[in-house]
Amino acid sequence: MTIHQNLIAGEWVGSDAIENINPSNTGDVVGQYARASVEDTKTAIAAAKAAFPAWSRSGILERHAILRKTADEILARKDELGRLLSREEGKTLAEGIGETVRAGQIFDFFAGECLRLAGETLPSVRPNIGVEITREPVGVVGIITPWNFPIAIPAWKIAPALCYGNTVVFKPAELVPGCSWAIVDILVRAGLPKGVLNLVMGKGSIVGQTMLDSPDVNAITFTGSTGTGRRVALASVEHNRKYQLEMGGKNPFVVLDDADLAVAVEATVNSAFFSTGQRCTASSRVIVTEGIHDRFVAAVGERLKSVVVDDALKAGTHIGPVVDQSQLKQDTDYIEIGQKEGARLAFGGELLKRDTPGFYLAPALFTEATNDMRISREEIFGPVAAVIRVKDYEEALSIANDTPFGLSSGIATTSLKHATHFKRNAEAGMVMVNLPTAGVDFHVPFGGRKGSSHGSREQGKYANEFYTTVKTAYTLA
Ligand code: ADP
């Protein structure tokens, strides 16, 4: 099998490879992917540093053309790349293709943003002096991504980094290097100069840590676990570099007595279980007022009967496998913990056998949970959710906000008063009314608050806050 190599200083290099395994069928090897060493990573950082002066001054039309071509190729190959995504990560083919389209749209959006770079000119408070405010690229940006969105997250970090004139050292998650390799290959063929984008696949503790420790990485954008995010933060403070973190969530979904039951059930099943619950915006705390509680739980149970868990690539599958053995163990451990804590496992939670060996888990729904249980406080990152029964809206809001996290928060209600109040008072970066907690647009800001996030927002035009630095220039007329 050929090795998909790293891209360092414009050359494809690397012979030390690991297998990329399909979680729907562990006998299926998606490909061999190189692992970068400390030395490789240092060379990549030096190459990005060397490429920065020229790239930061490159014409906006050159950047526009490269991002535009990349968008076009990703969109033209959406079925093939979506299939690769589903094969390496385990989300369904429809989800894989959908995510691929989104990656294409993100490149298209930032191709446009290159042409809309703007500053401000103002008069000075002193006579005969003009003030110009401009945005400049930050320098070498380190990009560290997780496994759960193998193409969209790399796209929403790489596209703005390049658009605003930064050079990049990109380290994808070890479990899903396939889509990352594919988009780097596309970008290079679209015309990126050598060294502008470097791909260093491999271990977090080796490749990622070398990026964290380098004084030549001027900014790091990270999506992943809370623990690693903390390491990124501490190392970045040490080097006085810019950093942006997207970490965990424990997103609440509130269902009020006046909710449209069908809307509430659909949003809950989507939030909690689609993409196998492996989204940082997934909801794992469903907070339900007592007047609708029993009807709602019964309806979710009924809906789950028609949900098919199977091979991600099979037609008719609604939920694919868990990503790997260690994540599966984490999920089943939490299912055990929830039962020991006294919650009732109302549906699912059992391992499933399918035609191929894979990490199949029936979506698990707990009832009679309380907000102080570990299953209500800690991020599980699997198809496991718990229903918490509450008296009224006020109690629901207070429980929704009683969490160390603050990424996304949802509510199902037909009351304008409650919807409006919830939008204002939910302690989260994103609020959803009668919609799942997950599922966001690519042209508007994405991110959270409290323990979920740090730094400025990602995506849309707000991305420029992270990928640029502001300069204020004064000129005597
Ligand atoms: P998850 O548990 O979702 O895999 P991680 O935070 O472990 O979350 O991984 C997210 C990304 O961070 C991955 O690309 C991983 O390789 C990387 N990573 C892990 N450890 C480190 C580290 N010490 N330094 C830098 N990056 C790391």
Side-chain angles (χ1 to χ4, degrees), residues 6 18 20-21 23 33-38 40-42 44-45 88-91 140-158 168-181 183-184 198-217 219-239 241 243-250 275-282 284 322-331 333-334 359 378-383 405 407 451-454 458:
N6 284 310
I18 53 158
N20 180 355
I21 302 289
Y33 289 82
R35 283 191 295 189
S37 63
V38 168
D40 291 336
T41 311
K42 287 183 174 168
I45 295 167
E88 69 175 348
E89 199 268 352
K91 63 182 69 174
V140 174
V141 174
I143 294 179
I144 301 177
T145 58
W147 51 259
N148 65 330
F149 283 90
I151 197 162
I153 295 180
W156 83 52
K157 294 181 189 296
I158 294 172
V168 172
V169 178
F170 167 39
K171 184 228 160 310
E174 231 189 340
L175 273 179
V176 293
C179 291
S180 292
W181 189 93
I183 55 175
V184 170
N198 299 271
L199 173 68
V200 278
M201 297 176 286
K203 283 181 96 67
S205 56
I206 295 173
V207 179
Q209 195 62 44
T210 305
M211 291 162 70
L212 265 47
D213 294 341
S214 170
D216 291 330
V217 175
I220 292 192
T221 174
F222 168 84
T223 303
S225 65
T226 303
T228 309
R230 198 177 146 73
R231 296 176 90 106
V232 174
L234 292 173
S236 298
V237 167
E238 190 69 34
H239 293 289
R241 75 159 73 92
Y243 64 99
Q244 175 184 57
L245 312 174
E246 279 305 333
M247 303 173 288
K250 196 69 196 172
S275 295
T276 323
Q278 298 174 150
R279 297 183 283 193
C280 41
T281 47
S284 50
V322 172
V323 75
D324 72 352
Q325 182 58 48
S326 81
Q327 184 60 51
L328 183 65
K329 179 169 181 331
Q330 180 165 316
D331 298 347
D333 283 353
Y334 272 110
F359 309 111
E378 299 168 16
E379 185 174 53
I380 301 173
F381 220 63
F405 297 105
L407 185 56
S452 289
S453 309
H454 178 90
E458 301 199 74

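What you see is a predicted model; the values in this text were computed from it and never measured. Start at 1 and go down the list; that is how both ligands and their atoms are numbered.
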Can you list the residues that meet the side chain to side chain contact (heavy atoms under 4.5 Å, CB included) rule with S453, with sequence neighbours excluded?
-> E246, L407
Under a 4.0 Å N-O cut-off, is there an ion pair linking K250 with E378?
-> no
Applying side chain to side chain donor-acceptor pair (under 3.5 Å), name anything that partners S236, two or more places apart in sequence or on another chain.
-> R241
Does any N or O in the side chain of K91 come within less than 3.5 Å of the main-chain N or O of N148, such that one atom is a donor and the other an acceptor?
-> yes
Residues which pass ring-ring contact (aromatic ring centres under 6.0 Å, His included) with Y33, listed by chain and number, not counting sequence neighbours = H4
With distance as the sole test, does N6 use its side chain to make a donor-acceptor pair with the main-chain N or O of M201 at under 3.5 Å?
-> yes
For ligand 1, the residues whose heavy atoms come within less than 4.0 Å (ordered by chain, then number) | I144, T145, W147, K171, P172, A173, G204, G208, Q209, L212, F222, T223, G224, S225, T228, R231
